Amino acid sequence: MARPLANMKVLEMGTFITGPAAGMLLADLGADVIKVEQPVTGDPFRAYKGGLYSPHYQTYNRNKRSITLDTRNAADLAVLDALVADADVFIQNFRPGVAAKLGVDADRLRALNPRLVYASISGFGPEGPDRDRPAFDTVAQAASGFLRLLVNPANPRVVGPAIADAMTGFYTALGIVAALSERHETGRGRLVETSMFESMCHFNLDDFTHLFSAGQIMGPWSRPHVSQSYVFECSDGKWLALHMSSPVKFWENLTDAVGRPDMLSLPEFKGRDERIANYENVVALLAPLFKQKTRDQWCEELTRREVPHSSMRTSEEAAHSPQAEALGLVVEDANGPQGPFRTIRFPVSFDGERTTDIVAPPLLGADNDEIVAPLRKNSRDLHDEQGRQRP
């Protein structure tokens with residue numbers, strides 16, 4: 001099994017999504033990720049109806065071990081310091097200033113271990129007028145200009161998953177891997193910093209490029225119009241999506257599929273520019289045609305004619321699709337702490353090898369006996385020895 005980070009030890013003091021997502025990606029690549037949590041409550045994302053193993057928590061915490069430490073306590077801070085001494089990476093996503101209060105700021109930990117790659121994630125970055133503002137996913141999406149591209153002005157609602165949280169974790173993991181690569185040459189670690197605001201501005205690069213290059217401020221319909229993307233309801237109430245950007249043969253094949261050989265001769269269908277300019281008219285013509293057959297019937301027709309499309313699947317449909325099964329996309333830990341744990345495997349293969357082994361997210365403090373107890377004993381023994389040596 002490909003595990004390119006198998007020799008890396010990662011300490012993660014992450015909560016909610018950004019820090020845990022970064023840690024999970026490193027764990028998926030084989031790193032030994034130790035999740036350091038507060039006693040009793042742990043990562044706040046654990047909580048769900050009185051339990052500490054919510055689906056929210058499970059999403060970004062597979063392949064990790066869990067210990068509990070309160071670093072405001074001197075004995076627990078000593079345990080953390082012992083772990084830091086030979087760690088490769090430390091991850092935290094506290095608001096600015098909190099890490100110092102907990103004794104885990106970059107200056108102190110990097111002094112203990114100059115090889116440490118210290119990753120710090122914040123909402124808006126380490127300086128600037130927004131530095132101390134609380135930030136969550138929707139806030140970062142809105143501040144970066146991205147949320148505006150998702151919201152239907154006619155029925156404004158926040159939609160979709162926690163994109164800003166997840167993407168910030170992904171960018172952090174990329175920065176960590178880059179710093180580890182550099183350390184191989186220099187022998188020294190780095191302070192790796194990013195924020196949800198910076199990450200989402202970069203993720204929203206297409207919007208900014210249109211602004212800087214053409215003075216164009218994109219809106220929610222800009223990309224669907226240009227890419228000629230559509231969604232249509234079928235006769236059985238199910239939906240499918242088309243992406244018709246290029247080449248023209250896809251449109252020619254679509255005219256055959258929908259039984260309108262004259263379609264491309266109509267003014268609004270004549271060419272790419274016309275279809276973009278008359279997007280709503282294109283939809284108005286095609287929508288009633290797609291209501292004439294079921295989704296499965298349309299998928300069969302469009303597949304046969306090589307028209308770029310997909311049914312708009314639920315997660316259940318996607319997980320059980322023939323393509324997902326062929327790729328072994330769903331993996332399972334049959335011995336999870338609360339029964340079998342299923343998830344989606346890491347999507348990158350190495351020399352044809354896929355990461356199919358998975359370990360379910362740990363219960364709170366599951367690895368205290370293995371990791372923390374010996375270090376506490378060593379600390380007590382050292383303290384006793386020092387006491388005996390004093391005159």
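Nothing here was measured: the structure is a model prediction, and the numbers come from that model. Side-chain atoms are counted along with the backbone in the values below, which use heavy atoms only and exclude waters and symmetry mates. When a residue number appears, it is its place in the shown sequence, counting from 1.
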Worksheet item: Under a 4.5 Å cut-off applied to non-hydrogen side-chain atoms, are Leu69 and Ile67 in contact?
Response: yes

Worksheet entry | Shortest non-hydrogen contact between Asp137 and Ala162, atoms and distance | OD1-C, 3.0 Å

Discussion item. Between Glu301 and Arg305 (salt bridge meaning N to carboxylate O under 4.0 Å), is one present in this structure?
Written reply: yes

Discussion item. What I'd like to find out is whether the side chain of Ile176 reaches to under 4.5 Å of the side chain of Ile91, using heavy atoms alone.
Written reply: yes

Practice prompt. Mind listing the closest non-hydrogen atom pair of Ala164 and Gln141 along with its distance?
Written response: CB-CG, 3.9 Å

Response to the item:
For Ala257 and Leu302 the tightest heavy-atom approach is CB-CD2, 4.0 Å

Practice prompt. For Glu317 and Thr314, indicate whether the former's side chain and the latter's backbone hold a donor-acceptor pair under 3.5 Å.
Written response: yes

Worksheet item: Could you state the interatomic distance from CG (Leu180) to CG (Leu5), rounded to the nearest 0.5 Å?
Response: 7.0 Å

Discussion item. Run Asp28 and Thr355 through side chain to side chain contact (heavy atoms under 4.5 Å, CB included) and show every step you take.
Written reply: CA-CA 8 Å; Asp28 284 353; Thr355 304; 5.7 Å; no

Item to complete: Look up atom CG in Asp88 and atom NZ in Lys9, then write down how far apart they are to the nearest 0.5 Å.
Response: 8.5 Å

Worksheet entry | Neighbour count above 12 (heavy atom, 6.0 Å) for Lys270 NZ | no

Worksheet item: OG of Ser122 to CZ of Arg131: how many Å apart, nearest 0.5 Å?
Response: 8.5 Å

Discussion item. Would you say the rings of Phe16 and Tyr60 are close, in the sense that their centroids are separated by under 6.0 Å?
Written reply: no

Discussion item. Does Thr194 form a side-chain hydrogen bond (donor to acceptor under 3.5 Å, both in side chains) with Thr172? I'd like the steps, not just the answer.
Written reply: CA-CA 7 Å; Thr194 193; Thr172 303; 5.4 Å; no

Worksheet item: With ring centroids as reference points, do Tyr57 and Phe45 lie under 6.0 angstrom apart?
Response: no

Practice prompt. Determine whether Val283 and Val226 fall in the same hydrophobic cluster, where Ile, Leu, Val, Met, Phe, Trp and Tyr are linked whenever their side-chain heavy atoms lie under 4.5 Å apart.
Written response: no

Practice prompt. Flag the pair Arg295 / Cys299 as yes when at least one side-chain heavy-atom distance between them is below 4.5 Å, and no otherwise.
Written response: yes

Discussion item. Salt bridge or not between Arg148 and Asp207? Use side-chain N to carboxylate O under 4.0 Å.
Written reply: yes

Worksheet item: Any side-chain heavy atom of Val359 sitting closer than 4.5 Å to one from Arg62?
Response: no

Worksheet item: Looking only at atom types and distance, does a side-chain atom of His309 sit under 3.5 Å from a main-chain N or O of Val307, one as donor and one as acceptor?
Response: yes

Item to complete: Find out whether Pro267 and Glu274 are in side-chain contact, i.e. whether some heavy atom of one side chain is under 4.5 Å from a heavy atom of the other.
Response: no

Fill in: Criterion side chain to side chain contact (heavy atoms under 4.5 Å, CB included) against Ile34, the qualifying member of Asp367, Val10, Ile371
Ile371

Item to complete: Just say parallel, tilted or perpendicular for the rings of Phe124 and Phe197, cut-offs at 30° and 60°.
Response: tilted

Worksheet item: For the hydrophobic clusters of this structure (ILVMFWY residues joined by side-chain heavy atoms under 4.5 Å, transitively), does one cluster hold both Met218 and Val151?
Response: no

Practice prompt. Could you please spell out the steps behind the side chain to side chain contact (heavy atoms under 4.5 Å, CB included) verdict for Gln58 and Tyr53?
Written response: CA-CA 7 Å; Gln58 292 178 44; Tyr53 207 71; 3.4 Å; yes

Worksheet item: When you look at CZ of Arg46, are more than 12 heavy atoms from neighbouring residues, nucleotides or ligands closer to it than 6.0 Å?
Response: yes

Discussion item. Counting the benzene-type ring for Trp, do Trp298 and Phe290 have ring centres under 6.0 Å apart?
Written reply: yes

Worksheet item: Are more than 12 heavy atoms from other residues, nucleotides or ligands located less than 6.0 Å from atom CD1 of Ile217?
Response: no

Discussion item. Is it true that, when you exclude Arg72 itself, more than 12 heavy atoms of the residues, nucleotides or ligands shown sit nearer than 6.0 Å to its CZ?
Written reply: no

Worksheet item: Can you tell me how far the CG atom of Leu266 sits from the CZ atom of Arg260, to the nearest 0.5 Å?
Response: 6.0 Å

Worksheet item: Are any side-chain N or O atoms of Ser227 and backbone N or O atoms of Ser245, one a donor and one an acceptor, separated by less than 3.5 Å?
Response: no

Worksheet item: Are side-chain N/O atoms of Asn93 and Thr18 paired as donor and acceptor at under 3.5 Å?
Response: yes

Worksheet item: How far does CG of Leu254 sit from CD of Glu306, to the nearest 0.5 angstrom?
Response: 13.5 Å

Discussion item. Does atom CD (Glu300) have a neighbourhood of more than 12 heavy atoms from anything else shown, all under 6.0 Å?
Written reply: no

Discussion item. Can you see whether Ser195 engages Glu198 through a side-chain donor-acceptor pair at a distance of less than 3.5 angstrom?
Written reply: yes

Worksheet item: Is it true that Met196 and Phe203 fall in one hydrophobic cluster, defined by side-chain heavy atoms closer than 4.5 Å?
Response: no

Worksheet entry | Residues Arg275, Glu268: salt bridge by 4.0 Å N-O rule | no

Worksheet item: Without hydrogens or angle criteria, can the side chains of Asn113 and Asp86 be said to hold a donor-acceptor pair below 3.5 Å?
Response: no

Discussion item. Please say yes or no: joined through hydrophobic side-chain contacts below 4.5 Å, possibly via intermediate residues, are Leu329 and Leu29 part of one cluster?
Written reply: no

Worksheet item: Counting distance only, does the side-chain N/O of Arg110 pair as donor-acceptor with the main-chain N or O of Val117 below 3.5 Å?
Response: no

Worksheet item: If you draw a 6.0 Å radius around CG in Asn152, do more than 12 non-hydrogen atoms from other residues or ligands fall strictly inside?
Response: yes

Practice prompt. Over all heavy atoms of both residues, which pair between Ala324 and Ala319 is shortest? Give the atoms and the distance, please.
Written response: CB-O, 3.7 Å

Worksheet item: Between Arg133 and Asp130, is there a side-chain N and carboxylate O pair less than 4.0 Å apart?
Response: yes

Worksheet item: Taking NZ, NE, NH1 and NH2 as the nitrogens, is one of them in Asp43 or Lys35 under 4.0 Å from a carboxylate oxygen of the other?
Response: yes

Discussion item. Treating Asn368 as the side-chain partner and Thr68 as the backbone partner, does any N or O pair qualify as donor plus acceptor under 3.5 Å?
Written reply: yes

Item to complete: List the steps and the verdict of side chain to side chain contact (heavy atoms under 4.5 Å, CB included) for Met263 and Leu285.
Response: CA-CA 9 Å; Met263 193 165 66; Leu285 187 146; 3.8 Å; yes

Worksheet item: Looking at side-chain heavy atoms only, is the closest gap between Trp251 and Gln228 below 4.5 Å?
Response: yes

Practice prompt. Check whether the side chains of Gln92 and Ser120 place a donor and an acceptor atom closer than 3.5 Å, and report yes or no.
Written response: yes

Worksheet item: Is there a chain of hydrophobic side chains (I, L, V, M, F, W, Y, each step under 4.5 Å between heavy atoms) that links Leu289 to Phe250?
Response: yes

Practice prompt. Just say parallel, tilted or perpendicular for the rings of His225 and Tyr279, cut-offs at 30° and 60°.
Written response: parallel

Fill in: Residues Arg313, Ser321; criterion side chain to side chain contact (heavy atoms under 4.5 Å, CB included); working and verdict
CA-CA 9 Å; Arg313 296 166 174 165; Ser321 68; 3.7 Å; yes

Worksheet item: Does any non-hydrogen side-chain atom of Val89 lie less than 4.5 Å from one of Leu11?
Response: no

Worksheet item: Below 4.5 Å, heavy atoms only, C-beta onward: do Met312 and Lys238 meet side chain to side chain?
Response: no

Fill in: Heavy-atom pair of closest approach, residues Asn61 and Pro20
OD1-CB, 3.8 Å

Worksheet item: Any chance the side chains of Ser235 and Gln292 put a donor and an acceptor closer than 3.5 Å?
Response: no

Worksheet item: If you measure from CG on Asp206 to CG on Leu211, what distance do you get to the nearest 0.5 Å?
Response: 11.5 Å

Item to complete: State whether Asp76 and Arg376 are salt-bridged, where the test is any N-O pair (Lys NZ or Arg NE/NH1/NH2 against Asp/Glu carboxylate O) under 4.0 Å.
Response: yes

Practice prompt. Looking only at non-hydrogen atoms, find the nearest pair between Lys64 and Gly23 and report the distance.
Written response: CE-C, 3.8 Å

